[in-house]
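All remarks here apply to the structure that follows.
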Amino acid sequence: MSPWRLLGVPLLVCATALGAQAQDTPSEPSLFRPFGDFRLRLEQDWDSRSGDGTQLDDRLRLRIRLRLGLDVNLSDQWRARVQLRSGPHDSQQSPHITIYDFDGGSNGPYEFNFDYWYLSFRSEGLELWAGRNHLSYWHQDDLFLIDNITFAGGGGSYRHPLAGGEMTWHANYVALPAGMRDFSGTSLIAQAEYSRELASAGFSLAAGLFSTRADPDDPAGELLLTENNTRDYDVLNLQLQYRASVLGRPLRLGADYGHNFRDYGQAPVGSFSEFHQDHVDGWVLEALWGPSGGAGDLLLGYYYSHVEALAANSSYIQDDWARWGTSTQARLTNMKGSEFRVLFTISPSQDIFARLFIVDAIDLLQPGDVALEDGKRFRIEYNVSF
């Protein structure tokens, strides 16, 4: 199927956008603050090959995401949050539901789960949380961490001035989700982040550690792919971001590097760990130009990613770039390729977002494979928050 079938999608999305209204009215914080968002996405996959050399059928799907939440502002310092999201019980990565497959594939499942339930405390530069939440960790892309995935445990940040800028210390100790209703293994995630704004530019530097410990005796972890339920990781993550203005529009340039220090030399012969024991590095380069968030804003972006098989735990990173894995679990390491994006903001609460991914595998996925996986994907979506 040709990707040109998608040319009619912007008309559908724009027509939907015209029927929605922005909600920009400011108000004083109240005890209860309900909120939510909705996404309508059309997604085309084509020219995709699996490791056994099979060419996958092209696929065009209409998908949705719905999230509904409630903040309880207990005081100026204390807040509780709960949020319900769509998405399969067995997927900690994706909150999306397929409502129509144009090529005859299955729809659904129409399932919902709580992805946030936590209590937080904030006082000056200190922020703490306990419950289920996204990590306290600064990241500029989704290749090593994505906020769709929430963890149970505790974490927090402490900010203070340093050398004309701001230093932030992040720390988290959490249980690792296996789907949306179980957990398997634990992780310590910490980061030091420094940010400074100069006269006409700014920059951020960060160094972080993802130290995860699997629980191979826990049956809940068996749904994780590529033996992630049995393998530990010790990943160093380094980030650099430069901010400036070009032609009167904001420019952001970034670099992200990860290295897994864990030694898999004693892994069983023929295992995924043994086969990829030397594939432990990853990096991302990115450029974003233009504003976002205000009515009429247009942002253009490009990312190049090269993430080896064990450079990150593939069960806890993005599932956007390719259709590798199962219907509920993605494994987007062992991957190199590009993302092109365009984001148009209709109003502060509405936008249209288009992304093109072109991906190739770095190495064979497992012993016995005869081909490198690849794939192309295009998405366009309408997002509205309320």
Side-chain angles (χ1 to χ4, degrees), residues 50-52 92-93 135 137 139 142-146 149 151 172-179 182-191 207-239 256-284 305-319 321-322 324-326 329-337 359-374:
S50 62
D52 62 5
Q92 71 278 0
Q93 293 165 303
L135 297 174
Y137 194 96
H139 59 105
D142 295 333
L143 277 300
F144 290 94
L145 178 68
I146 187 169
I149 302 173
F151 302 79
N172 311 261
Y173 184 73
V174 295
L176 300 173
D182 293 299
F183 299 87
S184 183
T186 58
S187 185
L188 173 64
I189 299 107
Q191 184 189 52
L209 175 68
F210 292 83
S211 182
T212 67
R213 297 296 177 261
D215 184 357
D217 298 322
D218 185 353
E222 293 178 0
L223 64 84
L224 305 179
L225 302 180
T226 64
E227 304 167 8
N228 276 332
N229 64 312
T230 66
R231 184 170 48 251
D232 298 338
Y233 290 82
D234 289 315
V235 178
L236 173 68
N237 176 231
L238 303 176
Q239 298 184 69
D256 202 341
Y257 171 73
H259 175 79
N260 184 2
F261 286 97
R262 199 72 184 173
D263 183 4
Y264 303 111
Q266 303 302 315
V269 175
S271 66
F272 192 89
S273 298
E274 188 268 342
F275 188 63
H276 290 288
Q277 61 179 297
D278 298 321
H279 305 154
V280 293
D281 291 288
W283 50 272
V284 184
S305 172
H306 181 107
V307 181
E308 294 176 351
L310 297 181
N313 188 325
S314 61
S315 297
Y316 303 109
I317 61 173
Q318 55 83 28
D319 64 344
W321 283 51
W324 298 354
T326 68
Q329 294 289 316
R331 45 166 182 78
L332 289 176
T333 57
N334 189 36
M335 178 197 78
K336 61 181 180 181
V359 172
D360 292 286
I362 298 172
D363 299 288
L364 296 176
L365 177 64
Q366 55 192 1
D369 278 359
V370 298
L372 295 175
E373 295 178 292
D374 59 15

State whether the side chain of [X] and the backbone N or O of [Y] hold a donor-acceptor pair below 3.5 Å, judged by distance alone.
X      : Y      : answer
Glu308 : Val280 : yes
Gln277 : Ser273 : no
Ser187 : Ser211 : yes
Gln93  : Ala330 : yes
Gln92  : Gly179 : yes
Gln366 : Asp369 : no
Asp234 : Phe261 : no
Gln239 : Asp256 : no
Asn237 : Tyr257 : yes

Flag side-chain contact, heavy atom, 4.5 Å: [X] against [Y]:
X      : Y      : value
Thr226 : Arg231 : yes
Gln329 : Leu224 : yes
Leu365 : Glu373 : yes
Tyr316 : Leu145 : no
Leu225 : Ser315 : no
Leu176 : Thr186 : no
Trp324 : Arg331 : yes

[atom1] of [X] to [atom2] of [Y]: how many Å apart, nearest 0.5 Å?
X      : Y      : atom1 : atom2 : answer
Leu135 : Ile146 : CG    : CD1   : 12.0 Å
Asp182 : Leu223 : CG    : CG    : 8.0 Å
Phe144 : Ile317 : CZ    : CD1   : 7.5 Å

Query raised in the report: Would you say the side chains of Asn229 and Glu227 form a donor-acceptor pair under 3.5 Å?
Result: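 Distance-only check fails for Asn229 and Glu227.
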Query raised in the report: Among side-chain atoms of Tyr233 and Asn228, is any donor-acceptor pair under 3.5 angstrom?
Result: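 Short answer, yes.
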Query raised in the report: Applying the side chain to side chain contact (heavy atoms under 4.5 Å, CB included) test to Leu310, which of Asn334, Asp281, Asn260 qualifies?
Result: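 Only one of Asn334, Asp281, Asn260 forms a side chain to side chain contact (heavy atoms under 4.5 Å, CB included) with Leu310, namely Asn260.
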Query - For Met335, the option from Leu143, Ile362, Asp360 that meets side chain to side chain contact (heavy atoms under 4.5 Å, CB included) - result: Leu143
Query raised in the report: Taking all atoms of both residues into account, what is the closest heavy-atom pair of Ala312 and Val235, and its distance?
Result: CA-CG2, 4.5 Å
